[in-house]
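The chains referred to below are lettered A, B, ... by the order of the sequence lines, with proteins before strands, and numbering in each begins at 1.
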Amino acid sequence: MESQNRIWTTFRKKPMALVGMGMLAVALIMALFAPLLAPYDPNERVDVVPSDILAPPGEGHLLGRDDAGKDVLSSLIYGARVSLIVGFVSSFFSMFIGTTVGLTAGYYGGRVSNALMRFTDFLMVIPDLPLMLVIISVWGRGLWKIILVISILYWTYTARLVRSQVLSIKERQFVLRARALGASNYRIIVRHILPQVMPLIIAQAVLDISSSIIAESTLSFLGLGDPTLISWGMMLNFAFERAISRKAWWFLLPPGIAIVWVSLAIILIGNALEEIVNPRLKTHHLFNPRNMISLMLAKPLLVESESPPEVTP
Amino acid sequence: MQRSDYLIRKLFFAVATLLAVIVFNFFLFRILPGDPVKLIVHSPRMTTESQERIRVNFGLDKPVWFNEEGYQEAGLKGAFDTQFTAYIRNLLKGDLGISFSTRKDVTELLKERVWRTVVLVVLGEFLAIFLGIALGMIAAWRRGTSLDTGILLYGLFTWAMPTFFFGIILLMISGGRFPIGGMVTPGLKPEDGLAYWKDVGWHLILPTLTLTILYLSEYMLIMRSSVVEVLSEDFILTAKAKGMNAFQIFRDHALKNAMLPMVTIIALTLGYTVGGAIQVETVFSWPGIGRLMFDAVQKRDYPVLQGTFLLLAVSVIIANLVADLLYATLDPRVKPD
């Protein structure tokens, strides 16, 4: 499609987007080839002597050893899997829920819309982290439970964004024409409205990946991660309890830096995408009056949404 | 829109949300697997009679939601003789149950700790809003310069940074210059007067800094984009043509118009800040509501968990309502009666 090509061409010209892609690629390679890259198998039982515990970086262990005498680098590499799986899968689910709710509410309007949007508001008001803590504590720990809890809480921004876009798109000529020609509601939504909103949905979904990754690591840090898997948040949980008093920076810093690395990569990509698909006003009059003209000539690609599509991570 | 319509709608939504949270809180903890009495009583040597007595004491012998027997015996009044109504009754009396792990009254625990969290969150938020507005204006003013880019990068960076990890970093780099945890040095008592409060303030520095440094960026970015947007409006050009200088334009137009989105965003991020308080209190062992919740999660202390969740959710709902009311007085589109 032409518009996709345009987005891609603009995207490639943004240095921040490219840096983000590069950073994400490193993490993806770590996750995909973990068994090949990791010097040790983190699930393997190791016999340790007391001096191995929290041993500083040295020969054979580039990032030293953890509180159980295991290789920190290997756990770090395997940990990329949990973060990326949780990030991508949760964001996909919340994109799906949010898009469905937003399309339905925006297109049909009336009572359906009201009920759906009040429910969205309700979820937005409840503080996320306490709610997740309570649900996981009661429901039990597990990778899929974390993914589901994040997905059912993080779709609200997408829903609002999609709804406000649909409200303006459904009044446009091409939609009215399709309806006059007898197209079904389903067809109008899927063939005419969805493609228009899709770029914004994708940009929002990309940003959601980073929020999901941070949410997972926070839950794991607070002791609610999947006990059968190594994740960066869980490494930090162990490190904070046992390594901080011994100043074992090689166990404390790498997992945290890894979380920041991946979420920063995704934010850089998402931000670049958002800038391309949702051009807000790029100038102001005070210092550059010449732009007055370009401003008046420039037609925004999409009508401004009623709520600013800023993302709260 | 009339102001009274707007207020009634917002008030109605807040009340409905509160009720929904209360119902949710009740049912979530009822779907726990196993016998709730077994969760309270850890000793297997307890007799069946004693267990039964606890069951009656806690109202657990009654049906959860609808009492069919009671309905047949005493009509509607009997139908609602259930665990749910007992829960609501206790809630109205301010009774949130007893902690599984410490046997203390949950309401008392919350009362003892709530101010510590309030101080932390209010101080952190206040500084964040103040600095965020200032930095956001500077960035908007110097739009496109390297200063602006730097400020934007800082914003992106704070989005990527988990709050707890930033706390850990501050803890490590402060290298013992600040107290690493707790609220006060052991041994000091409130009776010690100034020395006590100075010590508490000293303990507050790192947790507050963590919240401020991370959470100011949201305000900063909103402030920046709304000032930039306002500055591109036609009335700014008019003001300029009238001969107003940059400072006057900034003060009279840009700032005033940027306040609306600020109020919205403060309300929207409050829930997020509460989550941040849980993490910060955990990292710095600040003995507030967040730390209480963390401890309750570790010990599966369900009454405390339920109580802290209710308190945090209710506070955020009320704060949102306040923000909505404030919005009504700031937004000229909401007409006074």
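Comparing A:T218, A:I136, A:L236 by how many heavy-atom pairs each has under 4.5 Å with chain B, the most go to A:T218. Put simply, of B:T308, B:T163, B:L312, B:I278, the one with the most heavy-atom pairs under 4.5 Å next to chain A is B:I278. Comparing A:L268, A:I126, A:L129 by how many heavy-atom pairs each has under 4.5 Å with chain B, the most go to A:L129.
Residue contact with chain B, scored on non-hydrogen atoms closer than 4.5 Å, is absent for A:I213. Of the two parts of B:F166, neither the backbone nor the side chain holds a non-hydrogen atom closer than 4.5 Å to a non-hydrogen atom of chain A. Both the backbone and the side chain of B:V283 come within contact range of chain A, with heavy atoms under 4.5 Å apart. Only the side chain of B:M172 has a heavy atom closer than 4.5 Å to any heavy atom of chain A. At a 4.5 Å heavy-atom cutoff, the contact between A:D121 and chain B is made by backbone and side-chain atoms alike.
The minimum heavy-atom distance between B:Y302 and A:S137, with the atom names listed, is OH-O, 3.5 Å. Residues A:L253 and B:F165 approach most closely at O-CZ, 3.7 Å, considering heavy atoms. Scanning both residues, B:P162 and A:S217, for their nearest heavy atoms gives CG-OG, 4.4 Å. Of all non-hydrogen atoms in A:F122 and B:T17, the two that sit nearest each other are CD1-CG2, 3.2 Å. Nearest heavy-atom pair, A:L222 versus B:Q298, reported as atom, atom and distance to 0.1 Å: O-NE2, 2.8 Å.
Rounding to the nearest 0.5 angstrom, the gap separating the OG1 atom in B:T282 from the CZ atom in A:F221 is 6.5 Å. Taken to the nearest 0.5 Å, the CZ atom of A:F240 stands 6.5 Å off from the CG atom of B:L171. In this structure, A:M16 CE and B:L152 CG are separated by 7.0 Å, a value rounded to the nearest 0.5 Å. In this structure, CZ in A:R118 is found 10.5 Å from CZ in B:F12, a value given to the nearest 0.5 Å. Between the CG atom in A:L133 and the CZ atom in B:F294 there is a gap of 9.5 Å [rounded to 0.5 Å].
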>> Working note: A:W139 + B:L28, criterion side chain to side chain contact (heavy atoms under 4.5 Å, CB included); need CA distance, chi angles, decisive distance, verdict.
In response: CA-CA 9 Å; A:W139 196 13; B:L28 184 72; over 6 Å; no
> Do A:V134 and B:M293 pass the side chain to side chain contact (heavy atoms under 4.5 Å, CB included) test, and can you show the C-alpha distance, the side-chain angles, and the key distance before you say yes or no?
Replying inline: CA-CA 9 Å; A:V134 165; B:M293 193 168 198; 3.6 Å; yes
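Taking B:D148 as the reference, B:R224 meet the side chain to side chain donor-acceptor pair (under 3.5 Å) condition, with sequence neighbours excluded.
The neighbour count for B:F24 CZ, taken as heavy atoms of other residues, nucleotides or ligands under 6.0 Å away, is above 12.
Of all residues in residues 260-267 of chain A, those placing a non-hydrogen atom less than 4.5 angstrom from a non-hydrogen atom of chain B are A:V260, A:S263, A:L264, A:I267.
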